[in-house]
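All remarks here apply to the structure that follows.
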Amino acid sequence: MYFCYVDDSGADKGRTLTGLLVPEEGWNDLLHHWLGGRRKLEQEWGVPKNTELHAVHLVKGRGRPCATDEQNDGFSRQARIAAHDLMLRHLAKCQSVRVLTVAGRTAKVATVYRSFVDHLEQWAAEEGTRVMIMFDGQSGPDEVENMSQEEAAEAWKQAIRGAKPYRDTHRSLPLTSRRVLEDPIMQDSRYSQFIQAADMVGYAAFHHLMLQRPEVWPKMQAMGHMSKAYKRLSQRWLPGHGTDGIVWVDDEAWA
């Protein structure tokens, strides 16, 4: 069985979903390599291991993720790009991890998600395996102890409602043959190292795709550094699915 950690990227009317697939027996190895990268981030630039890594904030210079003001002041744009590249290099060291990105000309992440699950179903059937999906999203209210009972109940309702389109995609799969098991497990990226890893890869995949399809995002400038970082995972791209590990879904498929 494989675990698949999924996050979205893109902008406007072009959205992407990137998944990191790791077999159950490779989970510890993936965490080992990722945490090795986190330790180097802390040693080199002072970014604590438990600080959330959000690719667009990291690369674009938003926020102050380092432990001290002095470290933040020295965490230049060039250093931030190097930090992103470092983390992808560490992910690439895991021999068993696989990467899949599904993208299309739509503003709705839930629409791309349906195609993403379809591709996972096809791949899992070919491999004779099964998949459980962990998806970036609110799993429930945070810091419940600071909420009233009514506020907590409303937060739970919002979390459940937000997951409905993704839950419905799973429940529409044929029961007797489905390979993607259970409902999606929503995980807040703040508390999941592997959702953050999917975000880092997804942001790089998005820029790699922008270089190929600039007409979809005419107001945005693709970053060659991100494309180069994404190519570090070339041996981990899911074979037989799209080009460079990216599946572009034709516009008519969204109908």
Side-chain angles (χ1 to χ4, degrees), residues 4-21 54-60 62 84 88 98-124 126 131 133-138 161-173 179-180 184 186 189 195-231 233-234 236-255:
C4 184
Y5 296 86
V6 184
D7 200 1
D8 69 289
S9 193
D12 301 326
K13 294 185 178 180
R15 308 300 303 188
T16 71
L17 278 173
T18 294
L20 296 185
L21 284 150
H54 194 285
V56 68
H57 292 167
L58 177 68
V59 174
K60 295 291 188 180
R62 301 172 186 170
H84 177 275
L88 264 61
R98 295 294 178 265
V99 176
L100 171 66
T101 294
V102 175
R105 197 189 292 263
T106 177
K108 297 180 180 179
V109 174
T111 301
V112 184
Y113 189 80
R114 290 198 297 270
S115 290
F116 184 86
V117 170
D118 287 344
H119 279 277
L120 278 186
E121 280 278 310
Q122 178 186 340
W123 172 80
E126 293 167 354
V131 181
I133 294 178
M134 272 60 69
F135 188 62
D136 181 28
Q138 196 71 21
R161 189 177 299 122
K164 184 179 187 303
Y166 312 103
R167 190 166 58 245
D168 288 348
T169 292
H170 286 223
R171 295 185 181 187
S172 69
L173 298 172
R179 295 284 177 162
V180 175
M186 311 304 283
S189 61
I195 294 293
Q196 293 173 40
D199 173 68
M200 300 286 275
V201 177
Y203 188 68
F206 169 51
H207 280 268
H208 184 75
L209 182 61
M210 266 201 290
L211 289 173
Q212 301 172 9
R213 294 178 176 267
E215 73 281 359
V216 180
W217 297 278
K219 297 180 181 180
M220 299 187 68
Q221 183 67 45
M223 295 177 61
H225 292 294
M226 293 297 101
S227 176
K228 181 179 179 181
Y230 178 65
K231 290 176 183 177
L233 291 158
S234 60
R236 309 290 172 250
W237 296 338
L238 207 64
H241 287 261
T243 303
D244 295 350
I246 301 174
V247 177
W248 180 265
V249 181
D250 292 333
D251 294 346
E252 53 266 25
W254 307 127

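Residue numbers count from 1 along this sequence.
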- All heavy atoms of Val102 vs all of Val112, minimum pair found to be O-CG1, 3.4 Å
- Task: Apply the test side chain to side chain contact (heavy atoms under 4.5 Å, CB included) to residues Lys108 and Arg114: give CA-CA distance (whole Å), side-chain angles for both, the deciding distance (0.1 Å), then the verdict.
- Result: CA-CA 11 Å; Lys108 297 180 180 179; Arg114 290 198 297 270; over 6 Å; no
- Task: Using ring-ring contact (aromatic ring centres under 6.0 Å, His included) as the criterion, list what pairs up with His84, not counting sequence neighbours.
- Result: none
- Query: Does CD belonging to Gln221 count more than 12 external heavy atoms closer than 6.0 Å?
  - Reply: no
- Message: Just checking His225: does its NE2 atom have more than 12 heavy atoms from other residues, nucleotides or ligands closer to it than 6.0 angstrom?
- Response: no
- Task: Can you see which heavy atom on Gly14 is nearest to which on Val216, and at what distance?
- Result: CA-CG1, 4.1 Å
- Qualifying residues under side-chain contact (heavy atoms from CB on, under 4.5 Å), relative to Asp8, sequence neighbours excluded: Arg15, Leu17, Val109
- Identify the heavy atoms of Ala11 and Phe206 that sit nearest to each other, and give their distance. N-CZ, 4.2 Å
- Report the residues that fulfil side chain to side chain donor-acceptor pair (under 3.5 Å) with His170, sequence neighbours left out, ordered by chain and then residue number. Tyr113
- Message: To the closest 0.5 Å, what do you measure between CD (Glu126) and CZ (Arg179)?
- Response: 10.5 Å
- Task: With sequence neighbours excluded, tell me which residues meet ring-ring contact (aromatic ring centres under 6.0 Å, His included) with Tyr203.
- Result: His207
- In chain order, what residues pass the side-chain contact (heavy atoms from CB on, under 4.5 Å) check against Leu211, with sequence neighbours excluded? Ala222, Ser227
- Query: Any side-chain heavy-atom pair from Val201 and Leu20 closer than 4.5 angstrom?
  - Reply: yes
- Message: Nearest 0.5 Å, please: how far is NZ in Lys231 from CE in Met226?
- Response: 13.0 Å
- Going through the checks in order, is the side chain to side chain contact (heavy atoms under 4.5 Å, CB included) test met by Tyr166 and Arg171? CA-CA 9 Å; Tyr166 312 103; Arg171 295 185 181 187; over 6 Å; no
- Item | Atom of Ala103, atom of Thr16 and distance for their closest heavy-atom approach | CB-CG2, 3.5 Å
- Audit row: Cys4, Leu120, side chain to side chain contact (heavy atoms under 4.5 Å, CB included) steps and yes/no: CA-CA 9 Å; Cys4 184; Leu120 278 186; 4.0 Å; yes
- With Thr18, which of Leu100, Val99, Asp7 fulfils side-chain contact (heavy atoms from CB on, under 4.5 Å)? Val99
- Item | Verdict with supporting geometry, His208 and Asp244, side chain to side chain contact (heavy atoms under 4.5 Å, CB included) | CA-CA 9 Å; His208 184 75; Asp244 295 350; 2.8 Å; yes
- Task: Please confirm whether Arg98 makes a cation-pi placement over Trp237, using NZ or CZ under 6.0 Å from the six-membered ring centre and within 45° of the ring normal.
- Result: no
- Query: Got a sec, which residues hit salt bridge (charged side-chain N to carboxylate O under 4.0 Å, His left out) with Arg62, two or more places apart in sequence or on another chain?
  - Reply: none
- Closest approach of Ser172 and Thr169, non-hydrogen atoms and distance? OG-O, 2.8 Å
- Output the distance between atom CZ (Arg105) and atom NZ (Lys13), rounded to the nearest 0.5 Å. 10.0 Å
- Query: Is there side-chain contact between Val247 and Thr101, with at least one heavy-atom pair below 4.5 Å?
  - Reply: no
- Note on the structure: Between Val6 and Ile133 the two heavy atoms that sit nearest each other are CG2-CG2, 3.8 Å
- Do Lys60 and His54 have side chains that get closer than 4.5 Å, going by heavy atoms? no
- Note on the structure: The reported gap from CE in Met134 to CD1 in Ile195 (rounded to nearest 0.5 angstrom) is 7.5 Å
- Message: Would you compute the distance between atom OG of Ser9 and atom CE of Met200 and round it to the nearest 0.5 angstrom?
- Response: 12.0 Å
